[in-house]
Structure formats: structure tokens, C-alpha cells
Amino acid sequence: MEPKVVSSAMKRAAGKNQNSATSWKYCPDRQITQDSGSGNNWARGFHVHGPRCREAISNIIRLEVEACDLFGGFLTAQSMAGGTGSGLGTYVTELLKDEYPSACVLSHCIWPFESGEVIVQNYNALLTLAKLQEFADGIIISQNESLSSICKKALGIPRPSFDDMNDVVGHSLASIFLPASWRSVRPCEWNEHTRKTARDKGDNQDFAKAGIYGAGMPVRLLSDLVSKLCAHPGYRMLSLRFTPQISPKSLNFTTFNWRAQTKQLQQMLVTGALGDFDMDWNLTLPDKGTSTGAAASRFKGGRTVNRCLANLLVLRGIGSHDADVSGFEHESMYPVWSVDPLSVAMNPAKLGKYEMSAGLLSNCQSSVMCTFRALSRAYGMFASRAYLHQYFQHGMEMASFDAAFATVEDVISRYHAL
């Protein structure tokens with residue numbers, strides 16, 4: 001909220017893009033600042049800065065919505081460790097749902113380092129998560145711990161900065177949110193759909209060349225993502241994975257093929273790993289019809305398959321229209337009541353410097369593992385009443401913490417039972 005912090009962020013964005021062919025920068029009329037921040041206090045951000053800035057925030061959002069040619073919803077971005085990102089960010093999400101009740105709201109949240117960025121980060125993160133369960137249609141969690149490991153182990157950056165970690169996040173989000181079109185899971189079904197669409201349209205050109213984009217409907221952001229992944233109101237937690245994860249120095253010596261890409265991404269999903277360096281190749285999917293065992297063991301440090309409710313796989317690059325992704329359909333990864341477990345989209349255009357790339361947005365158990373650990377730490381602090389007085393100064397009560405912890409416990413138990 002501080003003017004210097006906001007001004008610095010705007011200048012850095014403008015500096016990065018000043019030599020770009022499509023120069024972009026923040027609009028100076030679309031910023032809100034206050035003389036002081038929230039002091040790492042969720043309650044101050046939510047109960048003080050939120051109501052104080054509500055009208056100004058509402059007006060800016062309205063101007064942005066009115067300027068849209070096609071309004072698809074909101075994608076918010078916030079941190080969860082401090083007070084402004086967590087508290088005010090949550091207040092803005094509530095505001096969006098209040099003023100635009102029919103719009104989709106997808107929240108992208110940065111989970112703090114578990115080693116500790118702020119002493120009260122577990123309080124702030126859980127209070128944020130509890131509120132977002134009520135007002136956000138989907139919650140994408142990106143963990144600083146994993147982002148740092150990707151930079152160090154996959155990209156060869158010994159001391160990653162926040163800019164380096166933001167680049168990883170941005171690339172992962174782009175793999176999902178850039179334009180794409182739906183395709184079927186199996187190539188044979190896709191080819192049949194392509195031919196049928198061409199026939200229905202009376203297209204006289206060769207069916208094999210009958211416009212890939214015409215054959216598959218474009219993905220509608222953000223409504224399609226929410227309806228595919230978060231159709232059940234009790235399951236809103238999402239995790240994001242992306243391949244390939246290779247350093248720029250290795251790019252020229254890399255051979256791309258879809259079989260290797262999808263196999264690597266599938267194993268990341270099965271093991272719950274967010275990076276290819278962190279997955280266990282010894283953990284395999286059981287034969288069809290075989291039980292995967294108790295899901296509880298994953299929450300106790302056991303080695304079990306990462307169970308999913310739904311997955312969205314987006315392929316980008318040459319051959320993305322007929323790459324075989326049937327391995328992501330394996331029944332042992334999904335509960336029997338999952339209606340639409342796997343959705344696949346594609347775009348023949350490459351993403352960045354990668355000839356082939358794949359992004360995976362998953363509603364799965366690994367999305368709540370960090371929450372499970374944070375809850376146990378927060379309970380330890382809460383039992384000794386540590387730092388609670390700072391929150392009580394800004395309108396919170398003991399019941400507020402009890403309700404938040406109960407909400408998070410319910411979320412964990414639901415994923416625990418998948």
C-alpha cells in the first residue's frame with residue numbers, strides 16, 4: 001500500500017518492457033496507495049484498509065470492466081504471508097464477488113517459505129484461505145519453496161531472486177491462460193471430431209486440414225476453467241505444473257517430443273511433485289481395478305498416488321493436436337464419482353522458446369499439503385495465544401480464528417478422503 005513500494009513496482013514493469021515491440025506498463029490512473037501498510041497483520045489489511053479503500057477500488061475495477069470487449073471474470077494475485085496481500089487481497093476478492101456475483105473469480109496465491117518469512121505467516125495464510133473458500137471460485141496455490149527449488153535445480157540459478165521466481169510463475173500461468181482450443185483426450189477421437197465438424201460446416205477442403213481452431217471450441221476464460229476444475233463447491237484448491245523445466249543454456253541441446261513431455265508431467269502429477277527434480281519414479285500407478293490404499297498415508301508422509309478430482313492439460317507447440325495424453329485418464333487417480341476428470345486443450349503455436357510445452361492445472365491432494373503443515377504450526381501458536389492481541393486490535397475475536405481453522409480443517413478432510 002505504501003506509495004514508494006507501488007511506485008517501484010510500476011517503474012520496474014515499465015523498465016522491463018520499454019524496449020519491447022509490444023510495450024506494456026501499469027496505468028498510472030489505476031493505482032491505490034496509503035501512507036502506511038498493514039504491518040504483516042491480516043486483520044489490519046482486511047478490516048482497516050479494505051473498508052477505507054473500498055470505494056476507490058470499486059471505481060477502478062468498474063472502469064476496467066467497462067473497457068473490456070468481452071468480460072470473462074477476474075484473476076486476482078496476492079501473497080499470503082504479509083498483511084496487505086493477504087488481508088486487503090482477500091477483502092478485494094470479497095468485493096468482486098459482492099459487486100459482480102455472476103462473474104468467475106479465480107485467485108492466484110503465493111504461499112510463503114515454510115522456513116518463515118513473517119512470524120505470523122501461518123495465521124495470515126489460513127485466515128486468507130478460509131475467506132477465499134467462501135468468495136473465490138478457484139484458488140491456485142504457488143509455493144515459494146517450490147519456485148525457489150525450480151530456479152536452483154532445474155534452471156541453474158544458484159541464488160534466485162524474486163524476479164526469477166516470478167518469471168517461473170508467469171510462465172506457468174501463461175501455459176494455462178493464453179488462448180487455446182479444446183481437443184479430445186485420444187487422437188483418434190480428435191481426428192473424427194475434426195472430420196465431423198468439417199462435414200457439418202460444409203467445408204470442401206481436405207478434412208485432415210479442416211482448421212484445428214474451427215474443429216475445437218476456444219477455451220473461455222475463466223468460466224471454462226472453473227466449471228471443469230471446481231464444479232464441486234467443496235473442492236476449490238488448485239496446483240500448477242509445467243514442462244519443460246530446463247535452463248536457457250541447455251535449450252539448444254534439447255530434443256523435444258510429446259511422449260517424454262507427457263510422461264514427465266504425468267509422473268509429477270502422480271507423485272505430487274511440482275518440479276521434475278522432485279518426483280519419485282519408483283511410485284507407479286496400480287493396475288486398473290486395484291485399490292490405491294488409504295489416502296490418509298499421504299498426509300502422514302507416506303508414498304501414495306496423488307489423488308485428483310479433475311485436471312486441465314494444455315499442450316502448446318507442433319503436434320499438440322494429436323499428442324497421446326491418455327495416461328492422464330488412469331482411473332486410480334480419480335474418485336469414482338468424478339464426472340469429468342480430464343480436459344485437454346491445445347494450441348499449435350509454441351510458448352516462448354519451447355517448441356513443445358505442457359501446462360497442467362490440477363484439483364488434487366497435493367494442493368493442500370502445505371495447508372496441512374501450516375495448520376499444525378498455527379495451532380501451536382494459537383494454543384499459547386501468541387501475537388493474537390495484534391489481531392484483536394483491529395476487530396477480530398477468538399471466534400474468528402476458531403471459524404477459520406475449522407474451515408481449513410474441513411477443506412483438508414475433504415481432500416484427505418479423495
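What you see below is based on every heavy atom in this structure, not just the backbone, and it leaves out hydrogens, waters and symmetry mates. Bear in mind that the values here come from a model prediction, so they are computed numbers and not experimental data.
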List the steps, then state whether salt bridge (Lys or Arg N to Asp or Glu O under 4.0 Å) holds for Asp278 with Lys153.
-> CA-CA 9 Å; Asp278 200 27; Lys153 299 177 182 179; 5.5 Å; no
Ring pair (Phe, Tyr, Trp, His ring centres under 6.0 Å) between Tyr123 and Tyr387: does it pass, once the steps are laid out?
-> CA-CA 10 Å; Tyr123 284 162; Tyr387 304 102; 7.6 Å; no
Which is it for Leu309 and Tyr334 under the side-chain contact (heavy atoms from CB on, under 4.5 Å) test, yes or no, and what are the steps along the way?
-> CA-CA 6 Å; Leu309 182 64; Tyr334 306 98; over 6 Å; no
Apply the test salt bridge (Lys or Arg N to Asp or Glu O under 4.0 Å) to residues Asp98 and Arg54: give CA-CA distance (whole Å), side-chain angles for both, the deciding distance (0.1 Å), then the verdict.
-> CA-CA 12 Å; Asp98 183 39; Arg54 181 185 178 97; 3.0 Å; yes
Does the side-chain contact (heavy atoms from CB on, under 4.5 Å) test come out yes or no for Leu178 and Arg316, once each step is laid out?
-> CA-CA 10 Å; Leu178 285 179; Arg316 300 183 184 276; 3.6 Å; yes
Take Asp224 and Lys228 through the test salt bridge (Lys or Arg N to Asp or Glu O under 4.0 Å) and record every step on the way to the result.
-> CA-CA 6 Å; Asp224 279 352; Lys228 295 285 187 181; over 6 Å; no
Would you sort out whether Met217 and Ser181 count as a side-chain contact (heavy atoms from CB on, under 4.5 Å), showing the intermediate values?
-> CA-CA 5 Å; Met217 294 294 293; Ser181 298; over 6 Å; no
Verdict with reasoning, Leu388 to Met398, per side-chain contact (heavy atoms from CB on, under 4.5 Å) = CA-CA 8 Å; Leu388 293 183; Met398 292 290 290; 3.8 Å; yes
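Thr93 contributes a side-chain N or O that, together with a main-chain N or O of Gly89, makes up a donor-acceptor pair within less than 3.5 Å. Counting only distance, with no hydrogens or angles, the side chain of Asn40 and the backbone of Gln121 share no donor-acceptor pair below 3.5 Å. A donor-acceptor contact shorter than 3.5 Å links the side chain of Arg236 to the backbone of Ala136. Between the side chain of Gln365 and the backbone N or O of Gly272 there is no donor-acceptor pair closer than 3.5 Å. Panel note: side chain Ser320, backbone Gly317; a donor-acceptor pair is recorded below 3.5 Å. In this structure, the side chain of Asn347 engages the main chain of Pro179 through a donor-acceptor pair within 3.5 Å. Side-chain atoms of Thr90 come within 3.5 Å of backbone atoms of Ser86 as a donor-acceptor pair (strictly under, hydrogens ignored). Judged purely by atom type and a 3.5 angstrom limit, Arg44 uses its side chain to pair as donor or acceptor with the backbone of Gly37. Of the possible donor and acceptor atoms, none in the side chain of Asn306 sits under 3.5 Å from a partner among the backbone N and O of Val270. Gln267 contributes a side-chain N or O that, together with a main-chain N or O of Leu283, makes up a donor-acceptor pair within less than 3.5 Å.
Taking 4.5 Å as the limit, some side-chain heavy atom of Leu127 sits within range of a side-chain heavy atom of Met396. Side chains of Ser343 and Leu313 form no contact here, defined as non-hydrogen atoms less than 4.5 Å apart. Side-chain contact between Cys109 and Leu129 is absent, with no heavy atoms from C-beta onward closer than 4.5 Å. Looking only at side-chain heavy atoms (C-beta outward), Val368 and His416 stay at 4.5 Å or farther from each other. At least one side-chain heavy atom of Leu222 sits less than 4.5 Å from a side-chain heavy atom of Phe177. Considering only heavy atoms from C-beta on, Lys350 stays 4.5 Å or farther from Phe256 through its side chain. Two residues are said to be in side-chain contact when any heavy atoms from C-beta on lie closer than 4.5 Å; Tyr100 and Ile61 meet this criterion. For the pair Tyr91 and Pro51, the minimum side-chain heavy-atom distance is below 4.5 Å.
Between the side chains of Ser357 and Gln261, no donor-acceptor pair is found at a separation under 3.5 Å. Side-chain contact annotation: Ser362 with Asn311, donor-acceptor N/O pair under 3.5 Å present. Under 3.5 Å, the side chains of Ser250 and Ser247 contain a donor-acceptor pair of N or O atoms. Gln133 and Thr407 form no side-chain donor-acceptor contact under 3.5 Å, judged by distance and modelled atom types alone. At a cut-off of 3.5 Å, with distance as the only test, no side-chain donor of Thr76 or His108 sits close to an acceptor on the other residue. Checking Ser161 against Asp163 by side-chain atom types alone, no donor-acceptor pair falls below 3.5 Å. With 3.5 Å as the limit, one finds a donor-acceptor pair spanning the side chains of Thr128 and Trp42. In summary, the side chains of Arg241 and Ser366 do present a donor paired with an acceptor at a separation below 3.5 Å, with no hydrogens or angles considered.
Considering OG of Ser79 and CG of Asn144, their distance stands at 9.0 Å, rounded to 0.5 Å. Here the straight-line distance linking atom OG of Ser338 with atom CD of Glu331 works out to 12.5 Å at 0.5 Å rounding. Taken from SG in Cys370 to CD in Glu145, the straight-line distance is 10.5 Å, to the nearest 0.5 Å. A distance of 8.5 Å separates CG of Leu238 from CD1 of Ile141, quoted to the nearest 0.5 Å. The line from NE2 of His389 to CD of Gln393 is 6.0 Å long, rounded to the nearest 0.5 Å. In this structure, CD in Glu114 is found 4.5 Å from CZ in Arg377, a value given to the nearest 0.5 Å.
No more than 12 heavy atoms of other residues, nucleotides or ligands shown are found within 6.0 angstrom of CD on Glu355. Within 6.0 Å of NZ on Lys152 lie no more than 12 heavy atoms contributed by other residues, nucleotides or ligands. Residue Phe277 qualifies as enclosed at atom CZ: its count of foreign heavy atoms under 6.0 Å is above 12. In this structure, Arg159 places its CZ atom where only 12 or fewer heavy-atom neighbours from other residues, nucleotides or ligands lie under 6.0 Å away. Within a 6.0 Å sphere centred on CZ of Phe392, heavy atoms belonging to other residues, nucleotides or ligands number more than 12.
Here the closest non-hydrogen pair linking Ala358 and Leu315 is CB-CD2, 3.8 Å. The shortest non-hydrogen separation linking Gly85 to Gln78 is O-NE2, 3.1 Å. Residues Val344 and Val325 come closest through the heavy atom pair CG2-CG2, 3.9 Å.
Listed by first and then second residue, the ring-ring contact (aromatic ring centres under 6.0 Å, His included) pairs that reach into residues 142-175 are His171-Phe242, His171-Tyr354, sequence neighbours excluded.
Partners of Asn41 by side-chain hydrogen bond (donor to acceptor under 3.5 Å, both in side chains), not counting sequence neighbours: none found. With sequence neighbours left out, the side-chain contact (heavy atoms from CB on, under 4.5 Å) criterion links Ile318 to no other residue.
Note on Glu329 versus Arg186: salt bridge recorded, some NZ/NE/NH1/NH2 to OD/OE distance being below 4.0 Å. Salt-bridge annotation for Asp322 and Arg183: absent, with no side-chain N of the basic residue lying under 4.0 Å from a carboxylate O of the acidic one.
With ring centers used as reference points, Tyr235 lies under 6.0 Å from Tyr415.
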